[in-house]
Amino acid sequence: MEIDYGSIEKKWQTRWIEADLDKSEPDESKKKFMLIFAYPGVTGYLHVGHLRGYSYVDAIGRYKRMTGYNVLFPVGTHATGNGGISLASKIARKDEKTIDYLIRNGCPEDKIPELGKPMSVIEFFNGVYVNDYWKRFGFLADWRRFTCTLYPDYAKFIEWQFRKLNDAHLLIQKPYYATVCPNCGPVAVDPSETDLSKGGRAETQEYTLLKFRHGDEFLVAATLRPETVYGQVCFWVNPSVEYRRIRKGGEVWIVSPQAAEKIPLQMDGVEDIGAIPGREMIGWMCEAPMVHREIPVLPASFCDPDVGTGLVTSVPSDAPDDWISLQEVKKDPKIREEYGLSQELIDSVVPISIIEMKGYGDFPAEDMIKRMGIERPGDPKLVEAKKQVYKDGYHMGRMKAICGEYAGMRVEEAKDRMRQAMLDSGEAEVFRDLTEEVVCRCGARVHIKRLDDQWFINYADQELTEKTSEHCKSMDINPQEYRDNVHAVLNWYRERACVRQGNWLGTRFPFDDKWVIEAISDSTLYPVYYLISLYANDGRIKPEQMTESFFDFVILGKGDAKAVSASTGVSEELLGKIRKDVLYWYPLDINLGGKEHMTVHFPGFLFNHVAILPQEMWPRGITVNWYVTGKTSDKRSKSKGGAQPIPGAAAKFGVDAMRLYYAHIASMFVDVEWSEDAVMMYKQRIERIVSLVQEIIASETDVPEGPMDSWLISRFNTHLKEIRQAMEGYELRQMCTVVYFDMLNDMKWSSRRGGCSATAVREALRIWIQAMMPVTPHIAEELWESAGFEGLVSARQLPEADDSRISGSAEYSENLIRDIMSDITEVRKISKIDPKRIILYVSPGWKKKVMEYALEMMADGSLSVPALTKKCMSDGDIKSKGKAASELAKKVAIDFGRASAESKKVIVGTDELALLAGASAFLGDELKTEVSVFDSDAEGLYDPQGKSKAAVPGRPAIFLE
RNA sequence: GCGGGGGUAGCCGAGCCGGCCAAAGGCGCGGGACUUAAGAUCCCGUUCUUAGUGAUUCAAGGGUUCGAAUCCCUUCCCCCGCACCA
């Protein structure tokens, strides 16, 4: 059987649209449910991993739809930033890699010349996302509401949002140290390198600049360890660097040329006044800050002019570089000669022990160097040595007695105190620098720059934080870990720079149009905009009509329709309709996004809703999904290299197999490694189900109604319950286990047991196929149609589980039969007997009676070993069984004590003799041996080995003859 | 460092508000059936022992309890976020 997935998918997607299933309109008679996935940034082609979260949203939406809700699932894209600009410019200049990338992912070649402009490339990808990904995957989203952050109407909404933030006094201005490209303005430094061509892993470090007086000028060293000043014994200068003199305030500083460029970005009134070769400074004496000692300037090659100021104060006791370089100077007479340094001077430089730490001696740097076997300056291992000594010193160290007023203090504390003291006395300044070279996409070097009038959204606002945090307690946030942790995240969230300058697409800041609103800040409140985009998209409202009073009215219900209509030209009727939409659909029930959103987007999303909207519009739920991670390699796949384009994967596996893979491969809250083999398994599973269902449909069953019917119907109603319960918590995986595994197994078991009546089979099929709809909608439709059921399964309502048709005893009976089969197999295997006949002995009546007594005692809570024994001994029948009776009583009392009354009741209530007699033909067939069933109480029982003694209710005895 | 999450059988992964858990399910593996054939399907098995019993298991070590994979403590190891990047 070959399934043509492509045409099935197309067929049903068209039918859904024809039936308007994609269009969501308010319906007061129904409960509403609005859900979204956090819209993706338009960065190019997506890969199979991205569909994971998206398809969850569609599956949940479909499930809600089928259980009575009016569902709204809108989609959009986020294009704010410079991604579009940079992509367009690469295409425009025919960058080979970029063109190749486009073609590899299926971009038509003749389309490429059109993509040289930012907006056209963004629109191109908007089309790819909507058509090749979301529609292709069968999503029932309301396509009419699609929006993109660069649309003029969206910009109007963002302007309004910022006006509201301002009204709430949440916009503030203050200085900010940003990573800035001289051409492009502020850029994001992060490992994804969206804005960068190099250095995404760089971190900002806060150095303390220490000033060493020499005559009337200062040598300025940068340090991360201001607490070590008591251990300063000399000063390092790189003799081969041409340093600069700069004037800063009334002082003259000496720093590296790179630092001379960086410092003015962060400090005012700095001027470069000339050069001074490093060589010239060797042999100087300068006055160390705080300790006010004269120390000599010595040569060191490790001073990198690119790091800090290119000058280094030397604390050999705690800095491995310093230690090893000092050894070098002391050992090597050539250095002394070359720079004319006296032996005396060199000898006077002696390390001073300043920090006491567990696991180290007086000189931690020396210890570490020895431990790591470092022998000369420049050894790459020094980086690691430095890190380790710094880390240990910071966490475990304590200042020694020599450190004046800081003696005895923990390093963690002394560091801040000493730094502050030196800042206060004017001996130090703060300077920020990046840990590695960072280069902008435009090619310019990125540095840290102070911006004085940077706008922030004040997410640190205490009242806002508390309100938001409080609201989260009532939200449905998944997973639980995030629900617990979100309060900490909200608390930790600080003021956030919300605007930037430079080469950047986005909405102009309404209060100062030199700024453009940055990417996180314009993507927090937008779900509510989907309720308005519908009308902007169909032209009923124009961007220029979307004024502050327009949004105030439709979103907040402020103002008077007549006045708003007069000022905007939007009819009162339309204003009323939009307002109604907003009231109907909001709040948002689920915002689903990848785990990267936990500390960025979700807090902003929450804060903005709480800050701007009335409480009844605050979000109700957040769901976080983890990733599908790389590694596309596959045992059988010949096409390796790079993530597979989504349309290709859809064609290869079928959309439903991929949807099922996402839903079932793991819990939403763990990362999954992409594996074609795994997807293939799900494809095969779907095909197994399809062929079984088609077999069932094709075979005109003439089985009369019987016990298997009530078993099958009971099972399926039980499954309905499980499905509903799982989906209550959006546990798609659990739901899929029931639908694609358990229900399949039940169907198979039913036909193995001889099948059910046509009525029962059709009823089960109806339930089953409907249950498949959320995750594998195309296949579900196909099966629904071939079974001859009416209409579209996507438009139907899932039946409620019917408790009256759930039969504990029917389900138990089949389990008993299965248990017996496996027991027989087990015994057969162990005993290595090949029996001519298998005899099953059903428990004698007195044993059942013991259990009945136990049940009674469970009901009134009096069950215990002595109590049950006593009770049994007062029953003549049982008592006559002697020791066997008291042993059984003991066993039953213990066993029942551990279990629920319900589970034991079915055991006692089952007529095993009738059940097994009815199943003996089946068992005989299955085991390929004649099976006889005997009642242990029967007169003249045939029982040559006395096996019947072992029979207990729920466990018939087995004899292999 | 700060904050958070984990370590379950060959693997992936449920269970983790204590008992019905030798521990779901899948994959893998072994055996069998079917078949011209299958990356197909269907059965059975997959800690050790054993006429269906019993023993020892859920990172390691302690503890609480009649009873612990599940609760508490300690140790070891792993992962994630820490910002202007959706």
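Throughout, protein chains are lettered first and strands after them, A, B, ... in sequence-line order, and every chain is numbered starting at 1. The structure displayed is predicted, hence computed values, not measured ones.
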Counterpart residues, side-chain contact (heavy atoms from CB on, under 4.5 Å), relative to [X] (two or more places apart):
{"X": "His719(A)", "answer": "Arg715(A), Phe716(A), Glu722(A), Val738(A), Asp742(A), Met743(A), Asp746(A)"}
{"X": "Lys449(A)", "answer": "Val180(A), Leu265(A), Leu451(A)"}
{"X": "Trp492(A)", "answer": "Val489(A), Thr599(A)"}
{"X": "Ala950(A)", "answer": "Ala957(A)"}

Partners of [X] by side chain to side chain donor-acceptor pair (under 3.5 Å), sequence neighbours excluded?
{"X": "Tyr526(A)", "answer": "none"}
{"X": "Tyr154(A)", "answer": "Tyr39(A)"}
{"X": "Asp522(A)", "answer": "His78(A), Thr80(A)"}
{"X": "Ser750(A)", "answer": "none"}

Using the side-chain hydrogen bond (donor to acceptor under 3.5 Å, both in side chains) rule, collect all pairs that involve residues 946-961 of chain A, keeping only residues at least two apart or in two chains.
Asp823(A)-Arg955(A), Arg837(A)-Glu961(A), Tyr942(A)-Glu961(A), Asp943(A)-Ser948(A)
Can you tabulate the close N/O pairs, meaning under 3.5 Å, that link protein atoms to atoms of nucleotides 3-9 of chain B?
| unit_1 | atom_1 | unit_2 | atom_2 | d |
| --- | --- | --- | --- | --- |
| rG3(B) | O2' | Asn485(A) | ND2 | 3.4 |

Tabulate protein N/O versus nucleotide N/O from nucleotides 10-14 of chain B, keeping only pairs under 3.5 Å, one per line.
| unit_1 | atom_1 | unit_2 | atom_2 | d |
| --- | --- | --- | --- | --- |
| rG13(B) | O2' | Arg733(A) | NH1 | 3.4 |
| rG13(B) | O2' | Arg733(A) | NH2 | 3.3 |

Any base atoms under 4.0 Å from [X], or only sugar-phosphate, or nothing? Heavy atoms, all strands.
{"X": "Ala519(A)", "answer": "sugar-phosphate"}
{"X": "Ala178(A)", "answer": "nothing"}
{"X": "Ile833(A)", "answer": "base"}

Just checking Phe741(A) against His664(A), ring centres under 6.0 Å apart?
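Distance test on ring centres: under 6.0 Å, yes.
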Out of rA51(B), rC27(B), rA86(B), which has the shortest distance to the side chain of Arg685(A)?
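For Arg685(A), the side-chain atoms sit closest to rC27(B).
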Between rG26(B), rG52(B), rA86(B), which nucleotide has the shortest distance from any of its atoms to the side chain of Asp823(A)?
rG52(B)
Write out a two-atom table: protein N or O, nucleotide N or O from nucleotides 42-46 of chain B, distance below 3.5 Å.
| unit_1 | atom_1 | unit_2 | atom_2 | d |
| --- | --- | --- | --- | --- |
| rC42(B) | OP1 | Lys748(A) | NZ | 2.7 |
| rC42(B) | OP2 | Arg688(A) | NH1 | 3.4 |

